[in-house]
Amino acid sequence: MCETLNEKFQSVFVQKEIFRKPDTIRIPENNIEHIEVSKDEVEKMLKELNKNKAVGPDGVSPWVLRECSHELSILLQLIFQAFLFTGVVADVWKKANIVPIYKSGSREDSLN
């Protein structure tokens, strides 16, 4: 049931297209191009990741991101800054895995 929900979600919200540089630079209307992302901010966020969490849809472990935070921070900073400047985000970054989690009540009710 979870796999079916995940496949439906992906078919509706994720296009099978990888990030490509736009032909022209689009200036965002909401002034997000003025937001600055620093290498130190990115590195700090990577170091705060919980290394015991599960891997994301990209298959990269938070442990790897945390341990390589210094090396990855400059690359991620450039990517984030480009997204803010152009107003374009890679479609693959919009991908998510939806998995229902049983919390309380009857488990049979949560399956219906």
* If Ile, Leu, Val, Met, Phe, Trp and Tyr residues are connected whenever their side-chain heavy atoms lie under 4.5 Å apart, and connections chain through other members, are Val60 and Phe80 in the same group? ->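 In one cluster: yes.
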* Answer with yes or no whether the hydrophobic clustering places Ile74 together with Val37; edges join I, L, V, M, F, W, Y residues whose side-chain heavy atoms lie under 4.5 Å apart. =>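 Per the 4.5 Å side-chain linkage, Ile74 and Val37 are not co-clustered.
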* To do: Could you walk me through whether Leu78 and Gln81 pass side chain to side chain contact (heavy atoms under 4.5 Å, CB included), step by step?
  => CA-CA 5 Å; Leu78 292 171; Gln81 204 63 53; 5.8 Å; no
* To do: Measure across Leu49 and Pro62 and return the closest heavy-atom pair with its distance rounded to 0.1 Å.
  =>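 For Leu49 versus Pro62, the nearest heavy atoms are CD1-O, 4.3 Å.
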* Heavy-atom closest contact (Leu46 atom, Leu72 atom, distance) ->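 Of all heavy-atom pairs spanning Leu46 and Leu72, the closest is CD1-CB, 4.2 Å.
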* **Results of salt bridge (Lys or Arg N to Asp or Glu O under 4.0 Å) for Lys44 - residues two or more places apart only** =>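 By the salt bridge (Lys or Arg N to Asp or Glu O under 4.0 Å) rule, Lys44 matches Glu48.
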* Arg66 side chain to Lys47 backbone, donor-acceptor under 3.5 Å ->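 Yes, Arg66 side chain to Lys47 backbone: donor-acceptor pair under 3.5 Å.
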* Identify, with sequence neighbours excluded, every residue that meets side chain to side chain contact (heavy atoms under 4.5 Å, CB included) alongside Glu71. =>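 Side chain to side chain contact (heavy atoms under 4.5 Å, CB included) list for Glu71, sorted by chain: Cys68.
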* To do: Kindly write out the residues that satisfy side chain to side chain contact (heavy atoms under 4.5 Å, CB included) with Asn52, not counting sequence neighbours, or none if the list is empty.
  =>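 Once residues adjacent in sequence are excluded, the partners of Asn52 under the side chain to side chain contact (heavy atoms under 4.5 Å, CB included) criterion are Asn50.
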* **Residue list, side-chain hydrogen bond (donor to acceptor under 3.5 Å, both in side chains) with Glu41, at least two apart or on another chain** =>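 Scan of Glu41 (side-chain hydrogen bond (donor to acceptor under 3.5 Å, both in side chains), adjacent residues dropped) gives Ser38.
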* **Residue list, side-chain hydrogen bond (donor to acceptor under 3.5 Å, both in side chains) with Lys39, at least two apart or on another chain** =>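 Partners of Lys39 under the side-chain hydrogen bond (donor to acceptor under 3.5 Å, both in side chains) test: Glu43, Ser73.
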* Could you grab the distance from atom CG of Asp40 to atom CD of Gln77, nearest 0.5 Å is fine? =>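 The CG atom of Asp40 sits 9.5 Å away from the CD atom of Gln77.
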